[in-house]
Asker: 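Before I ask anything, here is the structure I am working with.
The first residue of the sequence shown is numbered 1, and numbering continues consecutively from there.
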Amino acid sequence: MTIEQSYAYRTLKGDDHQSWAALRQEGARDFPLGFLFTAEEAATMTSDEARSILNKGHTRGVFDASYMIGYCGLQIETLQQTRHRAEIGPFYVTSAYQGCGAARVLLDGVIREARMRDVEQLELYVDVGNTRALAFYKRFGFERVSVHPDGFRIDGKPRDAYFCILRI
Ligand SMILES: CC(C)(COP(=O)(O)OP(=O)(O)OC[C@H]1O[C@@H](n2cnc3c(N)ncnc32)[C@H](O)[C@@H]1OP(=O)(O)O)[C@@H](O)C(=O)NCCC(=O)NCCS
């Protein structure tokens with residue numbers, strides 16, 4: 001049963017750093033196609049670095065009560081000529097909460113917030129083999145506009161990604 005109403009969306013702050021760091025490491029370990037960084041790289045982040053990144057206000061979280069179950073980056077452009085665009089990513093919901101609406105709450109929150117801030121185009125990259133993420137974004141109307149070749153490498157092997165946009 002999907003109980004989306006119970007999930008809460010909000011901007012992460014420095015004090016969220018421990019849960020956020022744990023999700024970063026877990027995601028990179030369990031879903032390497034979804035992250036540019038490795039779990040080992042994620043593990044090297046200090047608490048101060050994590051706090052500092054979160055205090056910049058570019059990361060959103062989804063919660064079940066007080067428990068952080070997912071997060072995503074939201075980078076809104078600030079230049080006069082590019083501020084109609086924002087990039088999403090990384091985007092992650094912990095395994096136990098996949099398929100039950102938490103990811104939808106997170107992306108709905110991002111879209112709503114972006115609209116309120118006059119963003120007209122959301123952008124993201126998805127590995128061509130990340131079928132679950134591709135299906136998820138497609139349901140929201142994201143379109144594949146190009147392929148980014150050799151964007152990152154797993155064990156030295158090149159990976160391609162779709163560049164996707166959503167006009168909002
Ligand atoms: C991508 C992610 C956020 C999506 O959240 P989710 O809760 O799993 O999404 P949903 O279950 O609502 O939707 C996923 C879709 O893929 C389908 N799906 C489920 N398992 C699948 C699988 N193994 N392979 C392909 N498709 C699958 C679902 O049926 C659903 O399709 P539908 O919309 O046609 O019903 C989540 O899976 C995740 O965090 N993945 C790991 C990190 C990642 O890859 N992030 C994206 C980086 S760009």
Side-chain angles (χ1 to χ4, degrees), residues 4 7-21 23-25 27-28 31-38 41-42 44-63 68-93 101-130 132-153 158-168:
E4 293 185 18
Y7 303 128
Y9 167 90
R10 69 167 169 81
T11 297
L12 300 185
K13 296 290 174 209
D15 285 349
D16 296 308
H17 72 93
Q18 281 181 321
S19 304
W20 178 62
L23 284 178
R24 283 183 92 238
Q25 281 188 51
F31 299 95
L33 291 187
F35 295 85
L36 297 181
F37 51 84
T38 64
E41 286 169 327
T44 64
M45 180 180 280
T46 66
S47 298
D48 284 348
E49 286 167 342
R51 271 184 188 282
S52 163
I53 290 170
L54 292 182
N55 278 331
K56 291 190 174 118
H58 301 312
T59 313
R60 306 296 181 266
V62 62
F63 292 78
M68 192 191 299
I69 55 175
Y71 77 94
C72 77
L74 174 63
Q75 191 75 42
I76 299 177
E77 296 284 337
T78 53
L79 298 174
Q80 186 180 332
Q81 298 183 109
T82 60
R83 63 192 177 204
H84 61 287
R85 298 194 283 116
E87 184 168 341
I88 295 175
F91 193 107
Y92 178 59
V93 167
R104 173 185 292 270
V105 170
L106 187 55
L107 190 49
D108 276 342
V110 166
I111 293 171
R112 194 170 55 246
E113 194 179 336
R115 281 201 183 106
M116 280 169 52
R117 295 174 65 174
D118 295 328
V119 170
E120 293 177 32
Q121 182 164 297
L122 287 173
E123 306 177 346
L124 52 82
Y125 293 88
V126 193
D127 188 280
V128 296
N130 195 344
R132 184 164 191 156
L134 286 165
F136 173 72
Y137 294 127
K138 186 176 176 193
R139 181 152 25 85
F140 279 80
F142 277 88
E143 290 176 47
R144 303 173 189 179
V145 292
S146 61
V147 174
H148 183 202
D150 199 6
F152 79 132
R153 297 180 181 186
R159 302 291 317 177
D160 297 347
Y162 292 116
F163 174 61
C164 302
I165 64 166
L166 176 68
R167 301 288 296 179
I168 59 174

Asker: Once you round to the nearest 0.5 Å, how far does NE2 of His58 lie from OG1 of Thr11?
Answerer: 10.5 Å

Asker: Quick one, Val110 and Phe140 - any side-chain contact, counting heavy atoms below 4.5 Å?
Answerer: no

Asker: Kindly give the heavy-atom pair with the smallest separation between Tyr125 and Ala161, and that separation in Å.
Answerer: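 Here Tyr125 and Ala161 meet closest at CB-CB, 4.3 Å.
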
Asker: For a quick test of reading the model, state the closest non-hydrogen atom pair linking Leu122 to Ala114 and the distance between them.
Answerer: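 Leu122 and Ala114 have their closest heavy atoms at CD2-CB, 4.0 Å.
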
Asker: Quick one, Asp127 with Phe152, criterion side-chain contact (heavy atoms from CB on, under 4.5 Å). Give me CA distance, side-chain angles, the key distance, then yes/no.
Answerer: CA-CA 9 Å; Asp127 188 280; Phe152 79 132; 3.6 Å; yes

Asker: Using a 4.5 Å cut-off on heavy atoms from C-beta on, say whether the side chain of His17 contacts that of Met45.
Answerer: no

Asker: Please tabulate, for side-chain N and O atoms in residues 68-83, each donor-acceptor pair with protein atoms closer than 3.5 Å (sequence neighbours left out).
Answerer:
{"unit_1": "Glu77", "atom_1": "OE1", "unit_2": "Thr82", "atom_2": "OG1", "d": "3.4"}

Asker: Which residues pass the salt bridge (Lys or Arg N to Asp or Glu O under 4.0 Å) test with Arg153, not counting sequence neighbours?
Answerer: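 Residues passing salt bridge (Lys or Arg N to Asp or Glu O under 4.0 Å) with Arg153: Asp150.
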
Asker: Could you check whether any side-chain heavy atom of Phe63 comes within less than 4.5 Å of a side-chain heavy atom of Val105, counting everything from C-beta outward?
Answerer: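 No, every pair of side-chain atoms sits at 4.5 Å or beyond.
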
Asker: Who are the salt bridge (Lys or Arg N to Asp or Glu O under 4.0 Å) partners of Arg112, not counting sequence neighbours?
Answerer: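 Listed in chain order: nothing, the list is empty.
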
Asker: Any chance you could measure Phe35, atom CZ, to Asn130, atom CG, to the nearest 0.5 Å?
Answerer: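 The CZ atom of Phe35 sits 9.5 Å away from the CG atom of Asn130.
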
Asker: Just how far is it from atom OG1 of Thr38 to atom CD of Gln25, taken to the nearest 0.5 Å?
Answerer: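 If I round to the nearest 0.5 Å, the distance is 10.0 Å.
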
Asker: For Glu113, what residues pass the salt bridge (Lys or Arg N to Asp or Glu O under 4.0 Å) criterion, not counting sequence neighbours?
Answerer: Arg60, Arg117

Asker: Hey, is Arg51 close enough to Asp15 for a salt bridge, meaning N to O under 4.0 Å?
Answerer: yes

Asker: Test side-chain contact (heavy atoms from CB on, under 4.5 Å) on Phe142 and Ile88; report intermediate values, then the result.
Answerer: CA-CA 12 Å; Phe142 277 88; Ile88 295 175; 4.1 Å; yes

Asker: Any idea which heavy atoms bring Val126 and Cys164 closest together, and the distance?
Answerer: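 Smallest heavy-atom distance, with atoms named: CG2-SG, 4.3 Å.
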
Asker: Sequence neighbours left out, what passes salt bridge (Lys or Arg N to Asp or Glu O under 4.0 Å) with Arg132? Give chain and number order.
Answerer: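 Residues passing salt bridge (Lys or Arg N to Asp or Glu O under 4.0 Å) with Arg132: none at all.
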
Asker: For His84, enumerate each residue passing the ring-ring contact (aromatic ring centres under 6.0 Å, His included) test, keeping only those at least two apart in sequence or located in another chain.
Answerer: none

Asker: Which pair of heavy atoms, one from Leu54 and one from Asp16, lies closest together, and at what distance?
Answerer: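 That would be CD1-C, 3.8 Å.
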
Asker: Could you please spell out the steps behind the side-chain contact (heavy atoms from CB on, under 4.5 Å) verdict for Arg139 and Arg104?
Answerer: CA-CA 10 Å; Arg139 181 152 25 85; Arg104 173 185 292 270; 2.7 Å; yes

Asker: I need the minimum non-hydrogen distance between Arg85 and Val119, along with the two atoms involved.
Answerer: C-CG1, 4.1 Å

Asker: Working note: Leu166 + Tyr137, criterion side-chain contact (heavy atoms from CB on, under 4.5 Å); need CA distance, chi angles, decisive distance, verdict.
Answerer: CA-CA 9 Å; Leu166 176 68; Tyr137 294 127; over 6 Å; no

Asker: Please give me the minimum heavy-atom distance between Val93 and Ala102, naming the atom from each residue.
Answerer: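 In terms of heavy atoms, the two residues are closest at CG1-CB, 4.2 Å.
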
Asker: Would you find more than 12 non-hydrogen atoms of other residues, nucleotides or ligands less than 6.0 Å from Glu49 atom CD?
Answerer: yes

Asker: Determine, using ring centers only, whether Phe136 and Phe91 are less than 6.0 Å apart.
Answerer: yes

Asker: Can you tell me if Lys13 has over 12 outside heavy atoms packed within less than 6.0 Å of its NZ?
Answerer: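 Check passes, neighbour count above 12.
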
